[in-house]
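For reference, the structure is listed below as structure tokens.
Each chain gets a letter, A, B and so on, in the order its sequence line appears, and its residues count up from 1. Computed from heavy atoms alone, side chains included, the values below leave out hydrogens, waters and symmetry copies.
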Number of protein chains: 2
Amino acid sequence: MSTSTLTKEEAILRGALQEFLEHGYAGTSMDKVASSAGVSKATVYSHFQDKEHLFIALIDQFTEQRMAVFLGLSQDSISENQFQEANSTHELKTGLKQIALSMIHEVSEDEFILPFMRLLVAESGRFPNLGKTFLTHMELRGLNVISEYLSSYPHLKLKDPEAVARIFVGSLVHYMIVQEMLHGKEVIPMEPERLVDSLVDLVVTQAENKK
Amino acid sequence: MSTSTLTKEEAILRGALQEFLEHGYAGTSMDKVASSAGVSKATVYSHFQDKEHLFIALIDQFTEQRMAVFLGLSQDSISENQFQEANSTHELKTGLKQIALSMIHEVSEDEFILPFMRLLVAESGRFPNLGKTFLTHMELRGLNVISEYLSSYPHLKLKDPEAVARIFVGSLVHYMIVQEMLHGKEVIPMEPERLVDSLVDLVVTQAENKK
DNA sequence: GTCTATAAAGAGATAGAC
DNA sequence: GTCTATCTCTTTATAGAC
């Protein structure tokens with residue numbers, strides 16, 4: 001899909017994405033959005049009531065897009081792991097490790113995710129629905145994927161798979177917030193494998209011992 | 001310490017704290033800082049070069065203050081738990097649970113921590129030193145406290161206590177980000193005890209099984 | 001140091017021509 | 001729908017009096 005086929009509205013949303021992700025809500029001017037989109041400011045206002053509506057429309061669109069991508073990915077992850085259904089703890093470990101590393105990989109590959117999360121955290125105080133929408137559409141789905149994956153292994157009799165899913169996802173998200181968003185790589189470095197190995201160990205070890 | 005004994009500079013920093021925490025960096029005007037501090041704008045500029053320097057000075061001061069409080073707290077936590085040095089896994093569980101719950105409690109008690117973390121995440125892209133300072137002065141210390149606490153229990157032969165400390169702290173921080181900052185309480189609720197119990201179980205269970 | 005007043009630039013939003 | 005030009009208010013920052 002080339003730039004020349006963009007409608008004005010798509011161009012505006014694309015320009016808005018770039019500006020809002022880079023400068024935040026208050027730090028973004030409608031002038032910059034317009035010039036980044038290659039249209040006039042009046043055109044922006046002919047498509048979107050005001051700055052706030054543009055912002056919300058942008059976040060909604062972005063969340064929806066990412067959700068589609070994410071759903072595709074998690075489908076893949078599940079089916080990749082489902083043909084290994086011999087359910088040894090070794091395979092569970094491999095599966096969990098793969099899921100964790102691919103989560104980390106996906107975030108470092110995608111140039112938009114980190115600034116988007118930054119914006120989400122920054123503005124969910126003033127725009128509470130931003131956080132809620134993200135959580136119900138993205139986070140909850142991610143938690144369910146992990147939770148069901150954990151529950152599907154009979155050896156792993158977890159008391160509370162939903163809570164463990166939060167721990168699993170939370171450890172990884174926090175790791176990325178610290179390492180990437182707060183520049184922890186430079187001041188408190190830790191290789192992804194170290195975190196992931198310990199995480200998978202904590203979740204799976206008890207199953208090994210009960211064997 | 002009453003308001004009347006504040007120097008102008010202290011008053012400015014206090015006003016700046018309120019405004020920046022509530023409206024973010026770009027969303028805060030020097031006019032509002034001045035009026036919130038009860039001084040004129042020119043006075044603000046006589047103490048601080050410009051908005052950026054004021055902001056950085058504020059964050060540094062706040063980080064230093066909190067660090068002092070935090071160091072006091074973690075001293076307490078450690079000594080509270082050190083007289084229980086009979087090191088049964090039951091006591092380890094109790095100690096970890098207490099640490100986790102007091103972390104969560106502390107955050108919900110303190111009206112400044114959440115907005116501060118929001119601001120930190122929001123602005124550490126444009127001000128990388130914000131994140132780095134926070135991590136070296138606060139996060140790293142917190143991780144070390146947990147890490148040393150974990151290492152101090154002989155039954156718990158963790159391969160990598162530092163990584164486990166990240167998982168421990170990360171799960172809790174992520175939980176608070178989701179529940180409090182992104183308003184997860186209202187859309188994907190989960191009681192603190194559920195998370196903490198599972199977390200402590202994951203960390204300690206393997207020690208129980210090796211007993 | 002501290003104030004009032006103001007300069008100079010940038011912001012959100014709209015009018016009016018095409 | 002789309003543009004240029006503009007209105008109006010707010011912003012950062014400073015000049016000058018006390």
Side-chain angles (χ1 to χ4, degrees), chain A residues 1-61 115 119 122-123 125-127 129-130, chain B residues 1-61 115 119 122-123 125-127 129-130:
Chain A
M1 183 175 287
S2 84
T3 318
S4 59
T5 62
L6 287 181
T7 67
K8 297 282 177 184
E9 189 162 325
E10 286 168 336
I12 293 166
L13 284 168
R14 191 174 284 207
L17 182 67
Q18 184 147 349
E19 295 300 318
F20 280 124
L21 287 191
E22 191 171 340
H23 302 106
Y25 179 75
T28 292
S29 72
M30 296 297 263
D31 284 270
K32 284 200 206 121
V33 169
S35 81
S36 170
V39 302
S40 76
K41 198 160 52 157
T43 301
V44 175
Y45 278 96
S46 90
H47 286 268
F48 300 93
Q49 207 177 111
D50 56 22
K51 189 180 176 181
E52 196 169 315
H53 283 80
L54 170 60
F55 181 64
I56 291 170
L58 171 71
I59 299 288
D60 284 351
Q61 191 220 32
L119 189 61
E123 302 302 337
R126 281 172 286 273
F127 301 97
N129 282 336
L130 256 55
Chain B
M1 184 176 286
S2 84
T3 317
S4 59
T5 64
L6 287 180
T7 66
K8 297 279 177 186
E9 190 163 322
E10 287 169 336
I12 293 167
L13 284 168
R14 191 175 282 206
L17 181 68
Q18 184 147 352
E19 295 300 318
F20 281 123
L21 287 191
E22 189 170 342
H23 302 107
Y25 179 75
T28 292
S29 74
M30 296 296 263
D31 284 272
K32 284 200 207 121
V33 170
S35 81
S36 171
V39 301
S40 77
K41 199 162 47 160
T43 301
V44 175
Y45 279 98
S46 92
H47 286 268
F48 300 93
Q49 209 176 109
D50 56 22
K51 188 180 176 180
E52 196 169 318
H53 283 80
L54 170 61
F55 182 64
I56 291 170
L58 171 72
I59 300 287
D60 285 352
Q61 192 220 32
L119 188 61
E123 302 302 337
R126 282 172 287 274
F127 301 96
N129 283 335
L130 255 56

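For A:Y45, there are no ring pair (Phe, Tyr, Trp, His ring centres under 6.0 Å) partners at least two apart in sequence or on another chain. In this view, A:S36 satisfies the side chain to side chain donor-acceptor pair (under 3.5 Å) rule with no residue, not counting sequence neighbours. With sequence neighbours excluded, no residue satisfies side chain to side chain donor-acceptor pair (under 3.5 Å) with A:S46. Applying the salt bridge (charged side-chain N to carboxylate O under 4.0 Å, His left out) criterion to A:E123, with sequence neighbours excluded, gives A:R126. The salt bridge (charged side-chain N to carboxylate O under 4.0 Å, His left out) search around A:D31 returns A:K41, not counting sequence neighbours. Residues passing the side chain to side chain donor-acceptor pair (under 3.5 Å) test with A:D50 are A:H53, sequence neighbours excluded.
Across residues 22-33 of chain A, A:T28, A:S29, A:M30 each have a non-hydrogen atom less than 4.0 Å from an atom of DNA chain C (numbered order).
Residue-level contact check: B:K41 touches the bases, meaning some heavy atom is under 4.0 Å from a base atom.
One atom, CZ of A:F55, and another, P of C:dG12, lie 13 Å apart when rounded to the nearest Å.
Using a 4.5 Å heavy-atom threshold, the side chains of B:L13 and B:F48 count as touching.
Comparing B:Y45 and B:A42, the nucleotide of DNA chain D nearest to each residue sits closer to the 5' end for B:Y45.
Applying the side chain to side chain donor-acceptor pair (under 3.5 Å) definition to pairs two or more places apart or across chains, those involving residues 16-28 of chain B are B:E19-B:H23.
Interface limits on DNA chain D: the 5'-most and 3'-most nucleotides within less than 4.0 Å of chain B heavy atoms are D:dT11 to D:dA15.
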